[in-house]
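Below is one structure; the comments refer to it alone.
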Amino acid sequence: ALTAAEEVFCWGYNYYGQLGNGTTDHSPRPIKVSLLGPAKLISTGTHHSCAVVKKPDNTSTIQCWGRNNNYQLGNGTTTDQLLPSELLAKSESNTPIVINYPLKSISSGGDYNCILDGTNLTPRALCWGKFYYIINNTPDTRIKYIPTTFTLNSQSFSGYFTQLVTNGSINYGVSTTRDKLQSGVCWHYTSFGDEGSGCGYMNYDVNGVFTVGISRIQKISLGVKRACAIYEKPVVGQLNTYSTALDCWGNGDSVPKMVTEVKEPTDIALAKDHTCAIDKNGSLWCWGENSYGQLGTGDLANSSQPIKL
């Protein structure tokens with residue numbers, strides 16, 4: 001969780017050091033992560049996390065911690081890190097890679113991370129770790145220990161890019177602007193099949209792309225075979241007035257369903273088997289798997305309904 005004071009707290013399973021506190025002890029309670037400075041953005045993968053940090057010298061960097069078996073921490077090694085380590089922003093020829101801060105977004109999949117920088121019309125995705133993709137109906141895999149540049153296909157995705165989101169290595173999503181409305185597109189590695197994926201049941205083009213059937217999207221988040229979107233919906237009886245709502249889909253259900261417990265959500269994050277959301281009052285709601293205390297409720301009971309912390 002990223003607080004208003006720009007501090008990061010983690011809790012739950014900690015076998016690989018993913019809580020970032022220098023230990024491998026699990027915790028049902030939030031623990032503060034020691035970073036180089038205030039955190040601006042955060043993202044979590046299956047067993048690792050990353051944060052965009054403003055350092056004391058007023059420069060920005062990316063710090064990652066947790067499991068590192070597929071170079072997902074981006075520090076040039078495969079050694080797990082119990083404390084945050086800095087991203088090695090150099091190419092394979094050891095030349096510096098210029099990252100344009102502030103970033104539009106940072107997102108983590110199962111064993112990889114992607115950041116989005118550049119302008120709206122010329123976005124650039126930089127990814128590192130182990131990730132899957134599909135080009136011309138052919139799945140492929142890449143493992144990169146340093147950030148690798150990907151150009152987003154303007155023929156597949158029309159509009160202005162505002163957010164890049166990833167999940168546990170089978171789906172990728174981008175929210176775009178079309179006619180001043182936020183809509184979503186999704187593309188993924190298809191060896192697992194479409195059934196129950198975060199993309200849902202759709203007709204894909206040769207690059208595995210389809211448009212998510214929700215408009216006025218503010219934010220999209222993906223889990224393993226699950227997805228959620230925060231969007232604006234009209235307020236009944238009030239002309240040109242909107243409030244935010246939260247819809248989720250996947251795990252065998254391709255039709256988005258509203259999460260009614262979270263009123264006017266402002267943020268959403270999905271992990272492998274649990275979800276957390278923040279409402280307009282700053283309250284945190286979590287639901288799903290809780291075997292290691294990842295819901296932060298102080299116990300280990302699972303919950304199919306959002307619980308206010």
Which heavy-atom pair separates Leu19 from Ser27 by the least distance, and what is that distance?
-> CD1-CB, 3.9 Å
Heavy-atom side-chain contact between Ser108 and Thr44 under 4.5 Å | no
Side-chain (Thr244) to main-chain (Pro265) donor-acceptor, under 3.5 angstrom = yes
Report the C-alpha separation of Ser283 and Asn281 in whole Å, then their side-chain angles, then the decisive distance to 0.1 Å, and conclude whether the side-chain hydrogen bond (donor to acceptor under 3.5 Å, both in side chains) test is met.
-> CA-CA 6 Å; Ser283 297; Asn281 297 317; 5.4 Å; no
Pairwise side-chain contact, Leu41 with Ser43, heavy-atom cut-off 4.5 Å (strictly under) | no
Test applied, side-chain contact (heavy atoms from CB on, under 4.5 Å); reference residue, Ile42; option that passes from Leu35, Ile106, Leu2 | Leu2
When every non-hydrogen atom of Trp11 is compared with those of Gly293, the smallest separation belongs to CD1-O, 3.2 Å
Checking side-chain contact (heavy atoms from CB on, under 4.5 Å) against Asp80, which of Tyr15, Trp65, Tyr16 comes through?
-> Tyr16
Taking atom NZ of Lys55 as the centre, report whether more than 12 heavy atoms of other residues, nucleotides or ligands fall under 6.0 Å from it.
-> yes
Exactly one candidate in Val262, Asp267, Asp279, Ile278 meets side-chain contact (heavy atoms from CB on, under 4.5 Å) with Leu284; the answer is Ile278
Is Lys233 close to Ser243 at the side-chain level, that is, under 4.5 Å between some pair of heavy atoms?
-> yes
Backbone of Lys32 reached by a side-chain donor or acceptor of Asn21 within 3.5 Å = no
Are any side-chain N or O atoms of His26 and backbone N or O atoms of Tyr13, one a donor and one an acceptor, separated by less than 3.5 Å?
-> no
